[in-house]
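Structure, as structure tokens:
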Amino acid sequence: MGMNPFHLTNEAMEQALAKAMMPGDRFSCPVYVSFGRASAFSSSLTNQYGYAAVTESNCLVVVRYNMLGMKLSSQYYALQELQSLSVGRGIGSLTSIKLTFASGAGTEQLRLRVSPKVYMSGLTGQAQNLEGLIDALERWK
């Protein structure tokens, strides 16, 4: 089942994250996110959207979709591998979270853009979950 960006609900977000979880693991602080860096050259067809949450096993789990609602990937990032974290508050209260993880012989960067309110959606608790997510990530930097 794909993600319909026009019918975002807590239930759909929780189901998508639950399917991406390792057996027996649980998540908290789920948020709707966009991935990457906003740019004048990006189009809605190349942008990626989805969900992110922290897990009881000290991981960040992310689920990515394209604008058409087709699932692209599910990934786990071990928070003990977090090398750097940058949180910035931008225009219109948009929060940018840049993470760098150790990955094999190098590093992997992940950029999340999160709004504390997702208008015209059934998502509740986005602002509180965003603050909880940031607090959980900051414990590992």
Between Leu133 and Leu60, is any pair of side-chain heavy atoms under 4.5 Å apart?
yes
Please answer whether the main-chain N or O of Thr124 pairs with a side-chain N or O of Asn10 as donor and acceptor at a distance below 3.5 Å.
yes
Less than 4.5 Å apart, side chain to side chain, heavy atoms only: is that true for Val54 and Tyr77?
no
The single option from Ile134, Leu112, Asn129 that satisfies side chain to side chain contact (heavy atoms under 4.5 Å, CB included) with Val31 is Asn129
Please tabulate, for the side chains in residues 92-107, all donor-acceptor contacts under 3.5 angstrom to protein atoms that are two or more places apart in sequence or on a different chain.
residue: Thr95; atom: OG1; partner: Arg89; partner atom: NH1; Å: 3.2
residue: Thr100; atom: OG1; partner: Ser84; partner atom: OG; Å: 3.1

Check: Ser121 main-chain N/O paired with Tyr32 side-chain donor or acceptor under 3.5 Å
no
What distance separates Gln83 CD from Gln109 CD, expressed to the nearest 0.5 Å?
10.0 Å
Assigning hydrophobic clusters by single linkage (Ile, Leu, Val, Met, Phe, Trp, Tyr; side-chain heavy-atom cutoff under 4.5 Å), is Met22 placed with Val61?
yes
Find out whether Glu108 and Gln75 are in side-chain contact, i.e. whether some heavy atom of one side chain is under 4.5 Å from a heavy atom of the other.
yes
Measuring only between side-chain heavy atoms, which start at C-beta, is Met67 closer than 4.5 Å to Gln48?
no
Closest contact, heavy atoms only, Gln128 versus Gly125
OE1-CA, 3.1 Å
If I compare all heavy atoms of Ala52 with all of Val33, which pair ends up nearest, and what's the gap?
CB-CG1, 4.2 Å
When you compare the side chain of Phe35 with that of Leu110, does any pair of heavy atoms fall below 4.5 Å?
yes
Enter the distance from Lys19:NZ to Leu17:CG here, rounded to the nearest 0.5 Å.
11.5 Å
The test is side-chain contact (heavy atoms from CB on, under 4.5 Å); show your working for Tyr49 and Val63 and say whether it passes.
CA-CA 8 Å; Tyr49 305 88; Val63 180; over 6 Å; no
Measure the shortest side-chain to side-chain distance between Tyr65 and Met70 over non-hydrogen atoms and say whether it is less than 4.5 angstrom.
no
Can Tyr76 and Asp25 be counted as having a side-chain donor-acceptor contact under 3.5 angstrom?
yes
Nearest 0.5 Å please: distance from the SG atom of Cys29 over to the CG atom of Leu137.
9.0 Å
Could you walk me through whether Tyr51 and Glu14 satisfy the side-chain contact (heavy atoms from CB on, under 4.5 Å) test, starting with their C-alpha distance in whole Å, then the side-chain angles of each, then the deciding distance to 0.1 Å, before giving a yes or no?
CA-CA 9 Å; Tyr51 309 113; Glu14 290 166 5; over 6 Å; no
Rounded to the nearest 0.5 Å, the CE atom of Met21 sits from the OG1 atom of Thr55 at a distance of 5.0 Å
Can you list the steps and then say if Glu138 with Leu85 is a side-chain contact (heavy atoms from CB on, under 4.5 Å)?
CA-CA 7 Å; Glu138 285 180 337; Leu85 171 68; 3.7 Å; yes
How far apart are the closest heavy atoms of Lys141 and Leu82, and which atoms are they?
N-CD2, 4.3 Å
So Asn58 and Gln80, do their side chains get closer than 4.5 Å, heavy atoms only?
yes
All heavy atoms of Pro30 vs all of Ala53, minimum pair found to be CA-CB, 3.8 Å
Under 3.5 Å, is there a donor-acceptor pair linking the side chains of Asn47 and Ser34?
no
